[in-house]
Amino acid sequence: MDELVIRDADVVDGGGGPSYRADVVVDGGRIVSIVQEAAAAGCQRPAARRELDAEGLVLSPGFIDMHAHSDLELLRDPDHSAKAAQGVTLEVIGQDGLSYAPVDDRTLAEVRRAITGWNGSGDDIDFDWRTVGEYLDRLDSGFDGRGIAVNAAYLIPQGTVRALAVGWEDREATPDELDRMRQLVAEGLEQGAVGMSSGLTYTPGMYAKDAELTELCRVVASYGGYYCPHHRSYGAGALEAYEEMVALTREAGCSLHLAHATMNFGVNRGRAPELLSLLDKALESGADITLDTYPYTPGCTTLVALLPSWASEGGPEAILARLSDDDTAERIRHHMEVIGADGCHGVPIEWDTIEISGVSDPALGDFVGRTIQQSAGARGEAPWPTARRLLLDDRLGSTILQHVGHEENVRTIMRHRVHTGGSDGILRGTKPHPRAYGTFPQYLGRYVRELGVLSLEECVAHLTGRPAARLRLPDRGLVREGYRADLVLFDPATVAAGSTFEEPRTLPTGIPHVLVDGRFVIEDGRRTDVLAGRAIRRSA
């Protein structure tokens, strides 16, 4: 007898077609049969050891978070309800060009310092890996060999590769260094990575010229992977930056997935149609392009990321030394406030849009929840001295919310036929962005049920079938016989994000059941002790 029958579910299968009522039978971690309109037909209904009454619930594939920052959190927190409770069954990590494999001892220490604001210091993690394959093996074993909360796929981080082969200097790679980077990317793909990411407003990845990136993308293409850039500007040069990535990947023959594809800052209000026109022309000419977005207007990053690139050359210690020097710090201020630093996307910074969301040093907790402008006002000083002091005192570990987005752009982009969902959720800090805990129910509750921006079937396809196709997963992302039983059951009338900017760690409502590999990780709205997640490696 089979293990589980999900009875009388409204199946939205991830392919974009209309929903249908069915009994869905799960056994051995797979969907073994789907019997449509079983009750109405009066036929012999499938039996199983366990029956789940899904009356009034939608059954869909598990959601795929195409842009996640759970690289250490998956190994730190076996519960991981931030994602499991949303119905996420697969996260794509290794984003924005900086993560923890491949590394040597030196590079690992540097990367840990550079992205403390994203993932914490890592002092609680045993970094017993150095290669991509070893990191994926560590995810497989998880906690005491039992695995992790949800599945994870990995992108090779181009900035980490450059740090390992070249260092943190702003210069072109030598031919030998470029060969070394090609080798590292090839090895990572052979070991199971699904593609390569870049953070082209973050050091040291930003120092790579297009020719260097093109060569690495040729390697990615040869393995059937995709390139996922956080490109060079989301502000004053956004359209040019998008166009650069389209042209670069067309030259390399590589698939392109645009990370958190937003149009932010005042200069881009109402300009989303221009971006989509650019993409449509490329798609019509044969380009392979997808993108992801989160359903919120503010962005989230680290405070140090806003500095001009020249101030970040050499890595964290060099940055701190420049900030400690009064003359150099004044140059940094001038670039940020007057010229528009490339770290702030070429737009002169508006300190009243920069809200501190987390600090590494608990003694600095008074900054959290306030903008730099507000904290400076309370101290009776200009914003830059306050920001400079925080950068130094927190050793570059502060995270921010950046309130620079536009709702009309968010809605326009999410309607596009190559759109997928990505949380870009940073899970550390006192007051993280609510997208970390709310992205997927926010799509279903606000943008489907309340606003009607997408139909339910369209939205589910954006969050399941389409990202699975981008990842080239042959048996995930759809409710089909023979597919892996990564599934979510939700109430379309009540599903909603619980997280807010005031209470960002509140879990969602209306998602009573989530299965990973046919096992309940969320059951009756509660997290079980199941650890069914594993590393999802690139298909050959």
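We find the NE2-CG distance between His231 and Leu213 to be 13.5 Å, quoted to the nearest 0.5 Å. Here CG of Leu256 is found 7.5 Å from CZ of Arg470. Values are rounded to the nearest 0.5 Å.
Ring centers of His419 and Tyr443: under 6.0 Å apart, within the cut-off.
Asn151 and Asp486 form a side-chain donor-acceptor contact under 3.5 Å, judged by distance and modelled atom types alone. Counted by atom type alone, Thr506 and Tyr437 present zero donor-acceptor pairs between their side chains at under 3.5 Å. Between the side chains of Arg250 and Ser285, at least one donor-acceptor pair of N or O atoms lies under 3.5 Å. Side-chain contact annotation: Glu91 with His80, donor-acceptor N/O pair under 3.5 Å present.
A pairwise comparison of heavy atoms in Gly133 and Gln191 identifies N-OE1, 2.7 Å as the closest pair. The minimum heavy-atom distance between Tyr223 and Val219, with the atom names listed, is CD1-O, 3.2 Å. Of all heavy-atom pairs spanning Leu456 and Val58, the tightest one is CD2-CG2, 3.9 Å. Nearest heavy-atom pair across Glu457 and Val12 is CA-CG1, 3.9 Å. For the residue pair Ser99 and Gly94, the shortest heavy atom distance occurs at CB-CA, 3.8 Å. Here the shortest heavy-atom pairing between Ala238 and Met263 reads CB-SD, 4.0 Å.
Looking at Leu189 and Arg538, their side chains come closer than 4.5 Å, going by heavy atoms from C-beta outward. Residues Phe490 and Val514 are not in side-chain contact: their nearest non-hydrogen atoms beyond the backbone lie 4.5 Å or more apart. Leu72 is listed as a side-chain neighbour of Tyr100, based on a closest heavy-atom distance under 4.5 Å. Using a 4.5 Å cut-off on side-chain heavy atoms (C-beta onward), Leu184 and Ile156 make no contact. Looking at heavy atoms from C-beta onward, Asn268 lies out of side-chain contact with Glu274 at the 4.5 angstrom threshold. At a threshold of 4.5 Å between non-hydrogen side-chain atoms, the residues Ile93 and Leu139 count as touching. Using a 4.5 Å heavy-atom threshold, the side chains of Thr439 and Pro295 count as touching. In this structure, Leu444 and Cys459 have side chains that are in contact, with non-hydrogen atoms separated by less than 4.5 Å.
Residue Glu134 places its CD atom among more than 12 non-hydrogen atoms of other residues, nucleotides or ligands, all under 6.0 Å distant. The 12-atom threshold is exceeded at CD of Glu337, counting heavy atoms of other residues, nucleotides or ligands nearer than 6.0 Å.
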- Hey, mind stepping through Arg171 and Val166 against side chain to side chain contact (heavy atoms under 4.5 Å, CB included) and telling me if it holds? CA-CA 9 Å; Arg171 64 173 177 82; Val166 180; 3.6 Å; yes
- Dump the intermediate steps for salt bridge (charged side-chain N to carboxylate O under 4.0 Å, His left out) on Glu215 and Arg182, then the final yes or no. CA-CA 8 Å; Glu215 288 304 307; Arg182 288 193 192 97; 3.2 Å; yes
- Task: Could you go through the salt bridge (charged side-chain N to carboxylate O under 4.0 Å, His left out) check for Glu73 and Arg76 one step at a time?
- Result: CA-CA 5 Å; Glu73 206 66 23; Arg76 176 182 285 131; 2.8 Å; yes
- Item | Chi angles and distances behind the salt bridge (charged side-chain N to carboxylate O under 4.0 Å, His left out) call for Arg537, Asp140 | CA-CA 11 Å; Arg537 290 167 168 81; Asp140 277 338; 2.8 Å; yes
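Here Lys83 does not pair with Asp77 in a salt bridge; the nearest charged N to carboxylate O distance is not below 4.0 Å. Using a 4.0 Å cut-off between charged side-chain N and carboxylate O, Arg218 and Glu251 make a salt bridge. A salt bridge is defined here as a Lys NZ or Arg NE, NH1 or NH2 lying under 4.0 Å from an Asp or Glu carboxylate O, and Lys431 with Glu355 meets this definition. A salt bridge does not link Arg232 with Asp342: none of the charged nitrogens is closer than 4.0 Å to a carboxylate oxygen. Ion pairing between Arg476 and Asp517 fails under the 4.0 Å rule for side-chain N and carboxylate O. Electrostatic pairing of Asp475 and Arg480 does not count as a salt bridge here, judged by no charged N lying under 4.0 Å from a carboxylate O.
Applying the ring-ring contact (aromatic ring centres under 6.0 Å, His included) test to every pair with at least one member in residues 179-204, sequence neighbours left out, gives these pairs: Trp118-Tyr202, Tyr202-His230. Within the structure, ring-ring contact (aromatic ring centres under 6.0 Å, His included) contacts touching residues 268-296 (residues at least two apart or in different chains) are Tyr296-His433.
Note: Tyr242 and Tyr234 have perpendicular aromatic rings, judged against thresholds of 30 and 60 degrees for the angle between ring planes. Taking the six-membered ring for Trp and thresholds of 30 and 60 degrees, Tyr226 and His257 have ring planes more than 60 degrees apart, a perpendicular arrangement.
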